Undergrad: 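Structure below; questions to follow.
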Protein chains: 2
Amino acid sequence: MAPFDRGSGEEVSKESLILEAAMDEFIAEGWGGARMQSIADRAGINKPLLHYYFRSKEKLYRETVYRVMEYFFGVVMGNVQGKDNFPDFLRSFIDTVVDETTSHPRIPLFLMQELSRGGEAIRSILSDVLGKQNPPVTEVMRDNILRAMERGEIRQVNPIHFIMNLIGSCLYYAMAEPMIMEIGKQIGMIGLFDKKAFIEERKEAIFTLLYHGVANE
Amino acid sequence: MAPFDRGSGEEVSKESLILEAAMDEFIAEGWGGARMQSIADRAGINKPLLHYYFRSKEKLYRETVYRVMEYFFGVVMGNVQGKDNFPDFLRSFIDTVVDETTSHPRIPLFLMQELSRGGEAIRSILSDVLGKQNPPVTEVMRDNILRAMERGEIRQVNPIHFIMNLIGSCLYYAMAEPMIMEIGKQIGMIGLFDKKAFIEERKEAIFTLLYHGVANE
DNA sequence: AAATGGTTTTACCATATGGTCAAACCATAG
DNA sequence: CTATGGTTTGACCATATGGTAAAACCATTT
């Protein structure tokens, strides 16, 4: 299911159509390169109608960022909460983020691109989105790590660094795929390429590395 | 030293000035949002002069991408080659990439942004840049990992996955700093903030996690 | 001094851009 | 049928964009 499908069967609301189109355009062209006309074209409508639904480019953009983050953090939350066992938690997070970003690689790239605009927007939106979850995913993750440390299951680590390593590892492939393929070819490490198998391998590799990295043997 | 300084003392060549300005602009606004006028302004020259030195926006852009990659891969190469001991190699790589990306966070964001345009350009440029190094950094890294595996110093791992986890971990903070700060605040994990100390902590955290992750205890 | 050749600037163009307005459309309610 | 109110459209505007032509500048050579 694509990020903005309202799910409810046949009819796709025009707003959703536009937001899907907007995301495609913004992610492909960047904020400054995105053209309202192109968004309209992608959505199969005309430009004035765009402005009818979303008054300005800025508003449409912010709404896009908001929905993307809400969607993404929602999915992660859904798969991560309730896992009170550290390996399960770790596996769920990795599986979710890797699967999600490889099937929608535009999402992390879009957010990164927004970060490269300075990060003001993302900061306020992030605080909005997290504020609406309770508890926020971020807290759930921190607590999982803290609890595992208390139980002596893992070494003492600073959760924020562990989380960064985890997220960085999970996002990198989807974001940098074209580079990875080139490097893989260069060093003869990627032969005939079965993407699905590679993704499974990837998830396993991340889990093994990070789990061994923190586990008290 | 900034990426494009020609180093040679007082005089800064006009090309370098322009490329610096171009990078600032492209990274802040994206390919489509970057304005030739802004680049000219940043460089303190006028627009026709821009076209005099770099015929078109496309050419200026490609040149920027090329130099950024050449610079970055060069720096990494310089610090990583000759480290035939695995922990040294790992430390050098982490130190280099973390320091480099935190002092020039625009670099990874710029490349990611280029990836979000589709990755065609980056693919061909990457193959160019790696082709001019001999051996290419990528091979040096792979070989370091393979040798450590042969020596039984580390577990059997797929080098390409290890490299991805390594790069992902090293890049993530610089790229996502505004998000991290927000999350850090949310989960009360970042107090009064000493950035320099945090960076050192970060490098240590990456090294410890990844080294324990692969080492044969 | 005159000529040369690289550099810099002024004035400009065709086109594309975000955005608007008023008219047209169209389903539903009275 | 007619009125209502949300939706859709064609025509349009002020402005900004990448790019160019040609003239002016200026240090060096002859």
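Note on naming: letters A, B, ... go to the chains in the order of the sequence lines (proteins, then strands), and numbering restarts at 1 for each one. What you see below is based on every heavy atom in this structure, not just the backbone, and it leaves out hydrogens, waters and symmetry mates. These figures come from a predicted structure and were not determined experimentally.
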Undergrad: Of all heavy-atom pairs between B:G131 and A:Q186, which one has the smallest distance, and what is that distance?
TA: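 Scanning both residues completely, I find the closest heavy atoms to be N-NE2, 4.4 Å.
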Undergrad: What's the shortest heavy-atom distance between B:S16 and B:S13, and which atoms?
TA: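 Looking at all heavy atoms of both residues, the closest pair is OG-OG, 2.9 Å.
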Undergrad: Testing B:F198, B:Y172, B:Y173 for ring-ring contact (aromatic ring centres under 6.0 Å, His included) with A:H161, which one passes?
TA: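 Result: among B:F198, B:Y172, B:Y173, B:F198 is the only option passing the ring-ring contact (aromatic ring centres under 6.0 Å, His included) with A:H161.
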Undergrad: Give the minimum heavy-atom separation between B:I206 and B:C170, together with the two atoms involved.
TA: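 What the structure gives for the nearest pair is CD1-CA, 4.0 Å.
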Undergrad: Do NZ/NE/NH1/NH2 and the carboxylate oxygens of B:K195 and B:E200 come within less than 4.0 Å?
TA: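 Salt bridge flag = no for B:E200 with B:K195.
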Undergrad: Taking any heavy-atom pair under 4.0 Å as a contact, classify B:Y53: base, sugar-phosphate, or nothing.
TA: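 Touches sugar-phosphate only.
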Undergrad: Using a 4.0 Å cut-off on heavy atoms, which residues in residues 27-43 of chain A reach DNA chain D? List them by number, or say none.
TA: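 DNA chain D contact set from residues 27-43 of chain A: none.
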Undergrad: Does a side-chain heavy-atom distance below 4.5 Å link A:M175 with B:L115?
TA: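 With C-beta onward as the side chain, the pair stays apart.
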Undergrad: On DNA chain C, which is the earliest and which the latest nucleotide, 5' to 3', with an atom closer than 4.0 Å to a heavy atom of chain A?
TA: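 It runs C:dT17 to C:dC21.
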Undergrad: Return the minimal non-hydrogen interatomic distance between A:M23 and A:V68, and the atom names on each side.
TA: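 For A:M23 versus A:V68, the nearest heavy atoms are SD-CG2, 3.7 Å.
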Undergrad: With the threshold set at under 4.0 Å for non-hydrogen atoms, list the residues of residues 44-52 of chain A touching DNA chain C in residue-number order.
TA: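 Only A:K47, A:P48, A:H51 qualify.
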Undergrad: Do the side chains of A:V80 and A:F89 get nearer than 4.5 Å, heavy atoms only?
TA: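 A:F89 vs A:V80: side chains touch.
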Undergrad: Give the minimum heavy-atom separation between B:R42 and B:A28, together with the two atoms involved.
TA: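 In terms of heavy atoms, the two residues are closest at NH2-CB, 4.2 Å.
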Undergrad: Do B:E15 and B:I18 have side-chain heavy atoms sitting under 4.5 Å apart?
TA: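 Contact flag for B:E15/B:I18 side chains = no.
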